[in-house]
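Notes follow once the structure below has been shown.
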Amino acid sequence: MGDIALLSIVIVIILGIFSQWLAWRIQWPSIVIMSVAGLLIGPILGLVNPEQALGNIYSPLISLAVAVILFEGSSSLDVREIKGVSKSVMRIITIGVFISWIGGSLAAHFFAGLSIEVAFMIGGLFVVTGPTVIIPLLRQAKLKPRVSAILKWEGIIVDPIGPLLALFSYEIFKVISSDALTLFDLFQFFLGGILAAIAGYIIGLVVSIMVSKGLFPEYLKSAIILSFVLLSFTIAEAIMHETGMLAVTVMGLTVARIKKHVSSIGSIGHFVENISVILTSTVFILLTASLTRETLTDIFTWPIISFVLIMLFLVRPLSIWISTIGTELTFAEKTLIGWIAPRGIVALTVAGYFSSMLMEEGYEEASILTALTFALVFITVCAHGFSLGPLAKKTGLANNDAPGILIVGASSFSIAFSQHLKEMGTPALVSDTSSARLLKARQNGIDIYHGEILAEHAEFDIDFTPYNKILAMTGDASYNALVCQSYVPEFGYNDTFALRVRSEGGVDYKHLPESLKSNLLFNEEDVFEELNRKINTGYQFESLQVQTKTDIKTEDTEMNGVPLCIRKKNGNVEMITLRGKFLADEGDQIVVLKK
């Protein structure tokens, strides 16, 4: 049995990570790939059944994974993200949630055939969207920041509200239908929720204070905070079942609020984010692989299909349009937000708990809750996953331009290079702390950012969505290295580049490892000072059209100039670096600097 459990875990983890990679490679929604993978190895082919293999630890493992995912999402929130749309966010997570609850409950009653008690419980649960599904979709769709922030905030804040609404409905109907229960039982429910929230807040506060005072070493920081997340979840669950998600969300929000003032807390973000990606991949496949063939068969019935259609085309749009009346959202933004509401892990895990509990109490129709929930999860994930990108482009809420380049450091060379990129159709933004150095860029109509790129507020002042590369081109080698190090999590290692300066002379670049050469721009001679000298003495940029497939070397002299980058046919730009050889295909353009 132990070998089977071990094999099941390994298969699920590997398949989850592979699904994420495949989704990135073919530009499909990762949740769709993971759902299909889980169904294939589980109910369809019968290769793995994680629930049977893991036994009693199956549910606790999933619950703890969801806790970490929710903490990661809530701790990454910042009020500055919703500057200008906070009214809309508040309306959606209050009025919108209430309308979704009522609408979903009525749909479950009249279309899915559930009793009014069960319908209101499941309707409460289905208000969730959740970070496990919405954030991967946002990452791929590259929406404009305002809409992206609203969907992200809704998913994270509403995620713990769904299970609490389901519990609230359960308590209400217990009080109404039983003479033995009183309003005191309802009071206990509210008290449990409040205590769970307080526990999450206190633990978040304690963690933040401990980090700020340096009470544990740097190498233990992430592990200790992760332990506190699990502790917060467990304490809340001991207080009242299904309040653990509320506790970790409140803890995350507390850490996020204090993180703005304590920089050392922010360093844990990428560790928790990486853990969250692994857990999301694993948990979704665990859940789908544990479904039975009977559950899949039950999905294709008219009551379930009609319920899902009502949720998609009536309940969600109505909840958004009504709740955002009189807000700052445009017609296009309301249309997009009113369509996008994929359900995910929380809905699947909690629905299983309520299904078992209700069937034990004699609600036979609760047997279809798992099928109903999976139908809603799978259909919304597929429908919204594949339609988000096209709809965003249709409504003008996606960035349709070719991928751009963010250049740090205004100089004669960087401004002239940005100008040439702009003329080729590649967006460019020049950042610098000096308004005097930015003056020429501003006069030439180049997009600029006047401020410190390393300051925390830069990520809220700059929309990074249009840019897929960052070039550190200042005259300070140490600063260039720091910019690259700071923005690797944002752009990726392969898309962060630094321009060398003359003070680095004496370094033998020929013996540098290829991994370092690939991030150092251009050839050995053309450093910051030399490139600026060339621009100031009349050198010009030229785009050479590639007629046949060509190998380009960094020190190529046949072009009578310095090769700087290759603009591919798809609009992407490949930078020339010390790495050496580069391949240009027919139809590409090679940008060179020549006399």
Side-chain angles (χ1 to χ4, degrees), residues 73-74 77-111 119-120 122-131 133-135 137-138 141 143-162 164-166 168-169 249 253 306-344 347 376 380 383-384 387-398 460 463:
S74 56
L77 292 177
D78 195 300
V79 176
R80 289 171 291 185
E81 290 180 322
I82 54 170
K83 183 171 58 178
V85 289
S86 55
K87 183 179 179 181
S88 301
V89 171
M90 287 303 299
R91 292 273 200 90
I92 290 171
I93 64 175
T94 52
I95 299 171
V97 165
F98 180 76
I99 295 171
S100 294
W101 179 27
I102 301 302
S105 302
L106 294 177
H109 178 61
F110 290 107
F111 290 89
F120 266 86
I122 205 66
L125 178 60
F126 287 162
V127 303
V128 302
T129 53
V133 285
I134 199 67
I135 290 178
L137 294 186
L138 296 178
L143 296 177
K144 290 186 176 178
R146 198 160 96 153
V147 179
S148 180
I150 291 174
L151 289 170
K152 175 184 173 184
W153 271 71
E154 180 199 11
I156 292 168
I157 299 298
V158 173
D159 224 29
I161 292 177
L164 289 177
L165 281 178
F168 174 69
S169 302
T249 302
L253 292 171
S306 61
F307 167 76
V308 173
L309 293 176
I310 292 295
M311 293 292 288
L312 277 172
F313 295 103
L314 185 62
V315 175
R316 172 64 178 184
L318 274 180
S319 68
I320 296 300
W321 281 90
I322 294 175
S323 64
T324 56
I325 291 173
T327 63
E328 59 284 311
L329 293 187
T330 64
F331 178 86
E333 288 170 334
K334 290 181 181 180
T335 301
L336 181 69
I337 296 169
W339 169 243
I340 302 300
R343 275 65 171 188
L376 184 64
T380 55
H384 299 152
S387 64
L388 178 56
L391 182 59
K393 292 177 182 177
K394 190 74 174 176
T395 55
L397 297 175
F460 302 103
D463 176 13

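Computation of the quantities below employed the complete heavy-atom set of this structure, encompassing side-chain atoms and omitting hydrogens, waters and symmetry-equivalent molecules.
The shortest heavy-atom contact between Ile122 and Ala108 is CG2-CB, 3.8 Å. The minimum heavy-atom distance linking Glu333 with Glu328 is given by the pair OE1-O, 4.2 Å. Here the closest heavy-atom approach between residue Phe120 and residue Ser169 is recorded as O-OG, 3.3 Å. Closest approach of Leu125 to Ala347, counting heavy atoms only: CD2-O, 3.7 Å. The minimum heavy-atom distance between Ile93 and Glu154, with the atom names listed, is CG2-CA, 4.1 Å. Leu329 approaches Ile337 most closely through the heavy-atom pair CD1-CD1, 4.0 Å.
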- Would Leu106 and Ile310 count as a side-chain contact (heavy atoms from CB on, under 4.5 Å) if you check the C-alpha gap in whole Å, the side-chain angles of each, and the deciding distance to 0.1 Å? CA-CA 10 Å; Leu106 294 177; Ile310 292 295; over 6 Å; no
- Could you go step by step and tell me if Trp321 and Thr335 meet the side-chain contact (heavy atoms from CB on, under 4.5 Å) rule? CA-CA 8 Å; Trp321 281 90; Thr335 301; 3.6 Å; yes
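Summarising the geometry, atom OG belonging to Ser148 is positioned 13.0 Å from atom CH2 belonging to Trp153; distances are rounded to the nearest 0.5 Å. The line from OG of Ser88 to NZ of Lys334 is 8.0 Å long, rounded to the nearest 0.5 Å. The line from OG of Ser100 to CD1 of Ile95 is 11.5 Å long, rounded to the nearest 0.5 Å. We find the CG-CZ distance between Leu165 and Phe98 to be 10.0 Å, quoted to the nearest 0.5 Å. To the nearest 0.5 Å, atoms CD1 (Ile161) and CD1 (Ile156) are separated by 12.5 Å.
At a threshold of 4.5 Å between non-hydrogen side-chain atoms, the residues Ile92 and Ile320 count as touching. Within the 4.5 Å cutoff, the side chain of Leu143 has heavy atoms near those of the Leu336 side chain. A 4.5 Å side-chain heavy-atom check between Phe110 and Phe307 finds every atom pair outside the cut-off. In this structure, Leu253 and Ile157 have side chains that are in contact, with non-hydrogen atoms separated by less than 4.5 Å.
Remark: Phe313 engages Trp339 in a ring-ring contact (aromatic ring centres under 6.0 Å, His included) (not counting sequence neighbours). Residues forming a salt bridge (Lys or Arg N to Asp or Glu O under 4.0 Å) with Arg343 (at least two apart in sequence, or on another chain): none.
With hydrogens and angles disregarded, a donor-acceptor distance shorter than 3.5 Å links the side chain of Arg91 to the backbone of Ile325. Here the side chain of His384 pairs no donor or acceptor atom with the backbone of Ile340 at under 3.5 angstrom. For Lys144 (side chain) and Ala392 (main-chain N/O), no donor-acceptor pair under 3.5 Å exists by modelled atom type.
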